[in-house]
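Counting begins at 1 with the first residue of the sequence.
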Amino acid sequence: MEEKRSFQRTGYLNEACHYFHLKDTAGQEGSYHFHEFDKIVLLLSGKVDYVVEDVRYTLKPGSVLLVRHHAIHRAIIDVSEPYERIILYLDTPYFERALPSAGLSDCFKRADSTSRCLLLPDEEQHREITALLQACEEAQRDARYGAEAMRDTLIMQLLIVINRLSADTGDTAAATDKPYDEKIRLALSIINENLAGDLSVDALAERVYLSRYHFMRLFKSQTGSTVHAYVRQKRLLCAARLIREGVPVQQAAVECGFNDYSVFHRAFRESFGFRPGELKK
């Protein structure tokens, strides 16, 4: 039962975007989870680290974190002081359809492919981002005609600003720190590049030259997850992506390391809440 709780699918988005302005010390985001949508976090105050896949980021007030859909992540919050942030949930394809030539989702793709999810705006960029977010907050509360369309245009402007910032690799090059132990980073790389292969604890421990029990303890302490739960979730997310791209369900299962279809089917339903065949729907 513990392994099934290691990752959670959280949050549902039934609109183009949703805006949150939160301040607390409870640390609700502390568990590993993933979303079906893209996510932007702007830290206003507090002390928090975010672990996104295999990289740990230390946020500073004014920094912007990009979390692509399906990326496994969690916040590590120092509850000794208030944690204030603005969070945007985004159905990014919706905005791309509205402005197809702009590449509005490129910032999330770039963050995912380079493991550089944290952006550090300068003062002028921070003022621009903050002003757009405040206008989005006002538009979300506005019940007048055209308020939703106004909010959508603001979101597109925000994504343009963030893409400009993201494209400047100098802003992200020094933004990541507190990396995982070298052995665990190697293990995570092996997992991501070999989902159809043997990813048992014994096989991975041997590849990184650690004893089985030392590897298990180190992996859990570094990632917050057991090896089995992490591998299973990565395989499920890979299978979901292949199915969306048109790969037959059983073929996707095999390509992502599930040799027993009944095991895959059950794990998929437990994780996503619906059957693999329903994914395209």
Undergrad: Side chains of S80 and D78 only: does a donor on one sit below 3.5 Å from an acceptor on the other?
TA: yes

Undergrad: Tell me the closest heavy-atom pair linking R235 and G257, and the distance in Å.
TA: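 Looks like NE-CA, 3.8 Å.
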
Undergrad: Spell out, yes or no, whether I191 and V254 are grouped together once hydrophobic residues are joined by side-chain heavy atoms under 4.5 Å, including indirect joins.
TA: no

Undergrad: Are V227 and V263 co-members of a hydrophobic cluster defined by side-chain heavy atoms under 4.5 Å apart?
TA: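 Unlinked, V263 and V227 end up in two clusters.
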
Undergrad: Does a side chain donor of either Y261 or Q250 reach within less than 3.5 Å of an acceptor in the other side chain?
TA: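 No, no side-chain donor-acceptor pair sits under 3.5 Å.
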
Undergrad: Has the side chain of D38 got a donor or acceptor atom that lies under 3.5 Å from a matching backbone atom of H69?
TA: yes

Undergrad: Could you check K39, H73, R74 and say which one makes a side chain to side chain contact (heavy atoms under 4.5 Å, CB included) with V52?
TA: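 Looking at K39, H73, R74, the match for V52 under the side chain to side chain contact (heavy atoms under 4.5 Å, CB included) is H73.
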
Undergrad: Walk me through it: do L133 and I40 pass the test side-chain contact (heavy atoms from CB on, under 4.5 Å)?
TA: CA-CA 11 Å; L133 286 170; I40 296 175; over 6 Å; no

Undergrad: CZ/R97 to OG1/T92 distance, rounded to the nearest 0.5 angstrom?
TA: 10.5 Å

Undergrad: Quick one: are T58 and L118 in side-chain contact, heavy atoms under 4.5 Å?
TA: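 T58 does not reach L118 side chain to side chain.
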
Undergrad: Check whether S221 reaches the backbone of R217 with its side chain - one donor and one acceptor, N or O, closer than 3.5 Å.
TA: yes

Undergrad: What is the distance from atom CD1 of I184 to atom OG1 of T223, rounded to the nearest 0.5 Å?
TA: 7.0 Å

Undergrad: Between E206 and A203 (side chain of the first, backbone of the second, donor and acceptor by atom type, cut-off under 3.5 Å), is there such a pair?
TA: no

Undergrad: Look only at the side chain of E278 and the backbone of R275, and say whether a donor-acceptor pair between them is shorter than 3.5 Å.
TA: yes

Undergrad: Indicate the atoms forming the closest heavy-atom contact of S63 with L120, along with that distance.
TA: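 Result for this residue pair: CB-CD2, 3.7 Å.
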
Undergrad: I155 versus L88: any side-chain heavy-atom pair under 4.5 Å?
TA: yes

Undergrad: What residues, two or more places apart in sequence or in another chain, satisfy side-chain contact (heavy atoms from CB on, under 4.5 Å) together with S45?
TA: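 Testing S45 for side-chain contact (heavy atoms from CB on, under 4.5 Å), a comparison that skips the adjacent residues, returns E84.
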
Undergrad: More than 12 foreign heavy atoms under 6.0 Å from CE of M156: is that the case here?
TA: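 For M156, atom CE is crowded (more than 12 foreign heavy atoms under 6.0 Å).
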
Undergrad: Take Q251 and L242 through the test side-chain contact (heavy atoms from CB on, under 4.5 Å) and record every step on the way to the result.
TA: CA-CA 9 Å; Q251 180 182 337; L242 291 177; over 6 Å; no

Undergrad: Do you know the tightest heavy-atom contact between V208 and A187?
TA: CG1-N, 3.9 Å

Undergrad: Minimum heavy-atom separation for K234 and N192, please, with both atom names.
TA: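 Looking at all heavy atoms of both residues, the closest pair is CE-OD1, 2.9 Å.
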
Undergrad: A side-chain contact here means heavy atoms from C-beta on lying under 4.5 Å apart; do R151 and E15 qualify?
TA: yes

Undergrad: Between F268 and F258, does a ring-ring contact (aromatic ring centres under 6.0 Å, His included) hold up when you go through it step by step?
TA: CA-CA 11 Å; F268 195 99; F258 290 97; 9.1 Å; no

Undergrad: Would you say N259 and F264 make side-chain contact, with heavy atoms under 4.5 Å?
TA: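 SC-SC contact between N259 and F264 ruled out.
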
Undergrad: Salt-bridged, E128 to R164, with N to O below 4.0 Å?
TA: no

Undergrad: Are the side chains of V201 and F219 in contact, using a 4.5 Å heavy-atom criterion?
TA: no

Undergrad: Could you check whether any side-chain heavy atom of K109 comes within less than 4.5 Å of a side-chain heavy atom of D106, counting everything from C-beta outward?
TA: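 SC-SC contact between K109 and D106 confirmed.
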
Undergrad: Verify side-chain contact (heavy atoms from CB on, under 4.5 Å) between L119 and Q125, making sure each step is shown before the conclusion.
TA: CA-CA 11 Å; L119 306 178; Q125 292 165 331; over 6 Å; no

Undergrad: Grab the two heavy atoms, one from G62 and one from L42, that are nearest each other, plus how far apart they are.
TA: O-CD1, 3.6 Å

Undergrad: Minimum heavy-atom separation for K220 to T226, with atom names?
TA: CD-N, 3.7 Å

Undergrad: Do I77 and L22 sit in the same hydrophobic cluster, where Ile, Leu, Val, Met, Phe, Trp and Tyr count as joined when their side-chain heavy atoms come under 4.5 Å apart?
TA: yes

Undergrad: How long is the gap from CZ on R85 to CZ on F20, to the nearest 0.5 Å?
TA: 10.5 Å

Undergrad: Could you check whether any side-chain N or O of Y57 sits under 3.5 Å from a backbone N or O of C117, counting only pairs where one atom can act as donor and the other as acceptor?
TA: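 Side chain of Y57 to backbone of C117, a donor-acceptor pair under 3.5 Å: yes, one is there.
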
Undergrad: Taking atom CD of Q140 and atom CG of L154, what is their separation to the nearest 0.5 Å?
TA: 11.5 Å

Undergrad: First locate atom CG of L158, then atom OG1 of T130, and finally report the distance between them rounded to the nearest 0.5 Å.
TA: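 Atom-to-atom, L158:CG and T130:OG1 are 10.0 Å apart.
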
Undergrad: Please list, chain by chain and in numerical order, all residues satisfying ring-ring contact (aromatic ring centres under 6.0 Å, His included) with F108, sequence neighbours excluded.
TA: none

Undergrad: Determine, stepwise, if the pair N163 / R110 fulfils side-chain contact (heavy atoms from CB on, under 4.5 Å).
TA: CA-CA 9 Å; N163 268 284; R110 190 180 298 112; 4.2 Å; yes

Undergrad: How many angstroms lie between atom OG of S166 and atom CZ of R116, to the nearest 0.5 angstrom?
TA: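 Between atom OG of S166 and atom CZ of R116 there are 10.0 Å.
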
Undergrad: Regarding E193 and S189, is there a side-chain donor-to-acceptor distance under 3.5 Å anywhere?
TA: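 Result is yes, a qualifying pair exists.
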
Undergrad: Under 3.5 Å, side chain of Q222 to main-chain N/O of D181, donor-acceptor pair present?
TA: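 Indeed, once roles are kept as given, a pair shorter than 3.5 Å links the two residues.
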
Undergrad: side-chain contact (heavy atoms from CB on, under 4.5 Å) with R144: which residues, sequence neighbours excluded?
TA: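 D142.
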
Undergrad: Is any side-chain heavy atom of L159 less than 4.5 Å from a side-chain heavy atom of L90?
TA: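 The answer is yes; the side chains approach within 4.5 Å.
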
Undergrad: Would a hydrophobic clustering, with Ile, Leu, Val, Met, Phe, Trp and Tyr connected at side-chain separations under 4.5 Å, put V79 with Y50?
TA: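 Yes; tracing contacts between hydrophobic side chains, which count when under 4.5 Å, links both residues.
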
